[in-house]
Amino acid sequence: MARVTVENVKKYFGAVKALDGVDLVVEDGTFVVLLGPSGCGKTTLMRCISGLERLTDGRIFFDERDVSQIAPKDRNVAMVFQSYAVWPHMKVKENIAYPLRLKKVQKSEIEERVKWVAELLHITELLDRFPSQLSGGQRQRVAVARAIVHRPSVLLMDEPLSNLDALLRVRMRSELKKLHEQVKVTTIYVTHDQTEAMTMGDKIAVMNAGRIIQFGTPEEIYKKPRTVFVAGFVGSPQMNFLKMKVTSKGTQFFAEGFGISVPLKNDPKRESVIVGIRPEHIFLEKKSRSTAVTSKVYFAEKLMSETVLHLSLTEDKSIIAKVPYDLSVREEEEIEINIDLDAIHLFDPSTEERIEL
């Protein structure tokens with residue numbers, strides 16, 4: 001295992017700045033998720049850590065060892081890719097043993113390690129099968145087994161579950177997390193799926209345009225997003241954003257607009273603010289600290305476990321609310337909703353950064 005330190009790493013492809021000054025510390029034995037949209041630089045960062053991409057600038061350390069210019073084979077890293085990449089002509093046990101044979105490990109130790117990792121991933125009964133005889137989930141387990149069998153210092157996983165169906169993804173998420181708890185290898189996991197990030201990561205690095213926008217625990221990312229981008233990317237459905245004017249009545253300040261009035265604790269020293277409201281913090285019943293507003297039902301998504309309401313506040317502004325599944329509403333019907341004032345987020349309209357009041 002190793003502590004991974006990324007210092008001001010830049011990776012340019014001509015005029016394209018894939019990574020533009022990335023700093024990151026992954027503590028020894030932790031599970032860190034790189035989360036972001038396609039093209040944000042998360043896979044490039046992983047490839048730089050593995051050594052598959054040469055850095056334009058910056059340095060990468062494994063513990064105190066500078067590995068920036070070291071070949072991938074000498075970094076003791078393992079990678080699991082989106083494609084299973086198992087050898088079709090080899091049986092499962094041969095696939096798993098392959099990296100150990102490359103390192104000229106003794107045959108008795110190879111057999112011992114293959115047995116250990118097969119039991120760990122519950123694939124012992126598959127060892128004598130060929131990959132063509134396995135399901136997608138089983139092939140992915142084989143790929144993971146092959147990656148960890150040589151006990152890498154760092155395990156890198158690039159969207160390993162994206163080719164699986166929805167039910168199998170849920171199962172594999174829990175299995176990979178349980179596996180990490182057992183082997184405790186430093187793991188960096190790339191995904192664009194926020195559910196994977198929130199449920200699996202000890203910490204999450206939210207990336208956009210070649211930079212890490214926020215790095216923190218899932219709770220920190222969800223409850224205190226640093227920017228509008230982070231707030232909108234994490235959470236489903238997406239956070240609602242309303243730009244409101246700042247007004248004052250005596251010593252009390254308010255954000256007002258769309259028929260909504262949000263009391264502010266202090267003067268934000270701005271003419272306007274962006275008010276962020278998560279759909280799950282909009283209720284039909286009144287709360288101890290809430291503000292009510294009348295809205296019109298535009299569309300209702302009946303998901304059985306819950307109902308997602310698309311609500312019109314004005315002709316050109318709508319918001320989304322998550323309400324109980326058994327709510328009966330009609331399109332164009334006017335209903336009163338209540339916004340939880342204790343769960344409001346505020347952002348600066350010019351910088352789109354979080355405002356702490």
Side-chain angles (χ1 to χ4, degrees), residues 31 33-34 38 42-43 46-47 49-53 71-193 195-196 199-200:
F31 193 116
V33 177
L34 305 181
S38 297
K42 54 189 187 293
T43 295
M46 176 172 283
R47 289 174 62 83
I49 293 170
S50 71
L52 294 176
E53 294 286 356
K73 66 182 179 64
D74 298 322
R75 296 192 186 195
N76 193 25
V77 298
M79 290 192 71
V80 180
F81 299 93
Q82 179 177 346
S83 59
Y84 310 127
V86 290
W87 300 107
H89 63 287
M90 293 182 183
K91 290 183 177 180
V92 167
K93 60 184 176 185
E94 295 165 341
N95 263 285
I96 297 172
Y98 186 72
L100 298 177
R101 290 202 177 96
L102 287 179
K103 293 188 173 186
K104 302 187 184 304
V105 176
Q106 290 185 356
K107 185 176 180 181
S108 59
E109 187 177 349
I110 290 176
E111 290 177 355
E112 186 178 320
R113 287 211 214 169
V114 169
K115 180 182 177 183
W116 163 74
V117 79
E119 290 175 353
L120 196 63
L121 284 155
H122 310 292
I123 56 174
T124 302
E125 72 280 6
L126 308 178
L127 290 177
D128 288 319
R129 297 188 192 178
F130 286 97
S132 60
Q133 298 171 307
L134 306 179
S135 68
Q138 290 169 334
R139 285 197 293 269
Q140 192 59 287
R141 284 191 188 91
V142 174
V144 173
R146 187 178 58 190
I148 67 173
V149 73
H150 67 90
R151 296 169 185 165
S153 298
V154 181
L155 176 61
L156 306 174
M157 309 183 81
D158 190 0
E159 305 209 38
L161 308 184
S162 58
N163 284 342
L164 305 179
D165 62 65
L167 289 176
L168 191 52
R169 278 204 305 273
V170 172
R171 182 178 175 184
M172 284 298 294
R173 281 204 302 263
S174 62
E175 289 189 4
L176 288 177
K177 186 61 177 175
K178 288 292 183 183
L179 174 66
H180 176 261
E181 291 172 359
Q182 290 178 276
V183 299
K184 284 296 181 184
V185 62
T186 305
T187 302
I188 302 175
Y189 186 103
V190 163
T191 184
H192 64 274
D193 186 324
T195 303
E196 285 185 13
T199 56
M200 297 176 70

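Keep in mind that the numbers below use all heavy atoms, side chains included, and drop hydrogens, waters and symmetry copies. Index from 1, following the sequence. Keep in mind that this is a model prediction, so the values were computed, not measured.
By the 4.5 Å heavy-atom criterion applied to side chains, Asn76 and His150 are counted as neighbours. The side-chain heavy atoms of Ile148 and Leu120, taken from C-beta on, include a pair separated by under 4.5 Å. Counting only heavy atoms from C-beta outward, the side chains of Pro131 and Asn95 approach each other to under 4.5 Å. Put simply, the side chain of Ser38 does not reach to within 4.5 Å of the side chain of His192, judged on heavy atoms. Thr199 has its side chain out of reach of Lys177: every pair of non-hydrogen atoms, C-beta onward, lies at least 4.5 Å apart. At a threshold of 4.5 Å between non-hydrogen side-chain atoms, the residues Ile96 and Leu127 count as touching. Asp193 places none of its side-chain heavy atoms less than 4.5 Å from the side chain of Leu161. Looking only at side-chain heavy atoms (C-beta outward), Glu94 and His89 stay at 4.5 Å or farther from each other.
The shortest non-hydrogen separation linking Val77 to Pro72 is CG2-O, 4.3 Å. For Val86 against Arg139, the heavy-atom pair with the smallest separation is CG1-O, 4.1 Å. Ala147 approaches Val80 most closely through the heavy-atom pair CB-CG2, 3.5 Å. In terms of heavy atoms, Thr191 sits closest to Glu196 at OG1-OE1, 3.0 Å. When every heavy atom of Met79 is checked against every heavy atom of Leu52, the shortest pair comes out as SD-CD1, 3.7 Å. Val114 approaches Ala97 most closely through the heavy-atom pair CG2-CB, 3.9 Å.
For the pair Gln138 (side chain) and Ser135 (backbone), a donor-acceptor distance under 3.5 Å is present. Distance alone, capped at 3.5 Å, is enough to place a donor-acceptor pair between the Arg113 side chain and the Val149 backbone. Between the side chain of Arg75 and the main chain of Ile49, a donor-acceptor pair closer than 3.5 Å is present.
With sequence neighbours left out, the ring pair (Phe, Tyr, Trp, His ring centres under 6.0 Å) criterion links Tyr98 to Trp87.
Distance check: Met200 CE to Met172 CE gives 8.5 Å after rounding to the nearest 0.5 Å. Note that the CG atom of Leu134 and the OG atom of Ser132 stand 7.5 Å from one another [nearest 0.5 Å]. To the nearest 0.5 angstrom, Trp116 atom CH2 is 12.5 Å from Thr124 atom OG1. Interatomic distance, Lys104 NZ to Leu102 CG, rounded to the nearest 0.5 Å: 8.5 Å. Taking CZ from Arg141 and CG from Leu179, the interatomic distance works out to 11.0 Å, rounded to the nearest 0.5 Å. Atom CZ of residue Phe31 and atom OG1 of residue Thr186 lie 11.5 Å apart, to the nearest 0.5 angstrom.
Under the salt bridge (charged side-chain N to carboxylate O under 4.0 Å, His left out) criterion, the residue pairs touching residues 156-173 are Arg171-Glu175, with sequence neighbours excluded.
Lys178 NZ: 12 or fewer foreign heavy atoms inside a 6.0 Å radius. Shown here is Glu112, whose CD atom has no more than 12 heavy atoms of other residues, nucleotides or ligands within 6.0 Å. Other residues, nucleotides and ligands place more than 12 heavy atoms under 6.0 Å from the CD atom of Glu181.
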**Study point:** Val144 and Met157: CA distance, side-chain angles, deciding distance, side chain to side chain contact (heavy atoms under 4.5 Å, CB included) verdict
**Key:** CA-CA 9 Å; Val144 173; Met157 309 183 81; 4.1 Å; yes

